[in-house]
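Please read these numbers as outputs of a predicted model, since none were measured by experiment. Every number for a ligand or one of its atoms is a count from 1 in the order of the listing.
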Amino acid sequence: MSRVGWGVAGCGWVARDHAVPALRQVPGACLVALHDRDPGALSRMPVGPRATTDLAAFLATPGLDAVYVAVPNSAHRQVVEAAAGAGVAVLCEKPLAADVADAEAVVAAADRAGVLLGTAYDQRWHPAHVRLRELVPELGTVTAVRVVYCCWLPADWSPDGRPHDNWRVDPARAGGGAAIDLAPHGLDLAGVLVGEDVAELTALLQRRVQTYPVDDGALLIGRTSGGVLVDLHVAYNCPDALPRRRLEVVGTRGTAVAVDTMGQTAGGSLTLFRPEPVDVPFAGTGPFTAQFAAFGAAVAGTAPWPYPAARDLALHRLLVQALDTATDRTGAAL
Ligand SMILES: NC(=O)c1ccc[n+]([C@@H]2O[C@H](COP(=O)([O-])OP(=O)(O)OC[C@H]3O[C@@H](n4cnc5c(N)ncnc54)[C@H](O)[C@@H]3O)[C@@H](O)[C@H]2O)c1
């Protein structure tokens, strides 16, 4: 396995609890540097790699081949532009940015520099979703993809009980609320699973339970270029103890249902109905580990990266346009 030197920019929740533990399981991946503007965040990371609050010093780390960007959405652009300018490959967290202009700038920066840019849609790599994709030909003509991806996110949300800067409920830094945070996963997955992307999309937003200025729930309906209907229910207003994560691919000969697979770990179940239900086993590493292995292989030149950034940008544009024209229940734009 070729060696790939990784740096992590943004050392908060997802980097500390999911990305770095996953990177450590990838053969050939070597974590060489950490960057965060907050020294406190760096101090909570595992010791070992060089850690700095200085972005330029981070990017000048010897042996740095790829950077995983996990800063808040509105900061993606600044970090990706700098990393691309330094000539390193970038795996950028979803959504690509908080708005369309920044997402376009992110993709343009990578194109200009000639570096590989991927979006960290980890759920593409969940072993149940990889298996589900293999089952799709057995479903007949696929007619619909239905996604429920919800959680509980109050204004004072924190991943670990420690005081946390909850940028997710700040419209400027997040670019929206539950919809821009959670819907990108389902939008991406629908296209990955059925082999054609959503080409039309409409959204209804909700602010019903939480007390912040962004949506705490949304319904999105879309249609792929070939006519598959896609619906997504995403929310920050569903208690985590209730059923809240479900993915269905519906066809004329069968339906595949994945429960509790959407998330950062490799858990959940997969059932194929044709029409009797059959549990479908799946095995593999966690979605983050598989994602880093795949991106690392692309950086090392041993395998292609299958998801062009231009395709991810088109989905981001579609989502932001749908959210920009969406209304809440009073008919007011959110
Ligand atoms: N794929 C997934 O399942 C998943 C899960 C969670 C978060 N995310 C994405 O990851 C990103 C980070 O989310 P999080 O929950 O880890 O956030 P977080 O607030 O826990 O961590 C963000 C970190 O970035 C640092 N930071 C902020 N601005 C910075 C800047 N300009 N330069 C350097 N460091 C900066 C903060 O100090 C903080 O430590 C977001 O884009 C989010 O959408 C993805």
* May I ask you to say whether Arg173 pairs ionically with Asp165, meaning some side-chain N is under 4.0 Å from a carboxylate O? => yes
* To do: Scan residues 181-222 for pairs that pass ring-ring contact (aromatic ring centres under 6.0 Å, His included), counting only residues two or more places apart or in two chains.
  => Tyr149-His185
* Is there a side-chain contact between Leu242 and Trp152, using heavy atoms and a 4.5 Å cut-off? -> no
Residues 17-33 side chain polar contacts: donor-acceptor under 3.5 Å, at least two apart:
none

* Do we see a donor-acceptor contact under 3.5 Å between the side chains of Ser158 and Asp160? -> yes
* Asked: So which residues, sorted by chain and number, lie with a heavy atom under 4.0 Å of ligand 1?
  -> Gly10, Cys11, Gly12, Trp13, Val14, His35, Asp36, Arg37, Asp38, Ala41, Ala70, Val71, Pro72, Asn73, Ala75, His76, Gln78, Glu93, Lys94, Pro95, Ala120, Asp122, His164, Trp167, Arg168, Asp181, His185, Gln264, Phe288
For residues 230-237, dump all side-chain donor-acceptor pairs below 3.5 Å to protein atoms at least two apart in sequence or in another chain.
residue, atom, partner, partner atom, Å
Tyr236, OH, Asp181, OD2, 2.7
Asn237, ND2, Gln206, OE1, 3.1
Asn237, ND2, Asp216, O, 3.0
Asn237, ND2, Asp216, OD1, 3.1

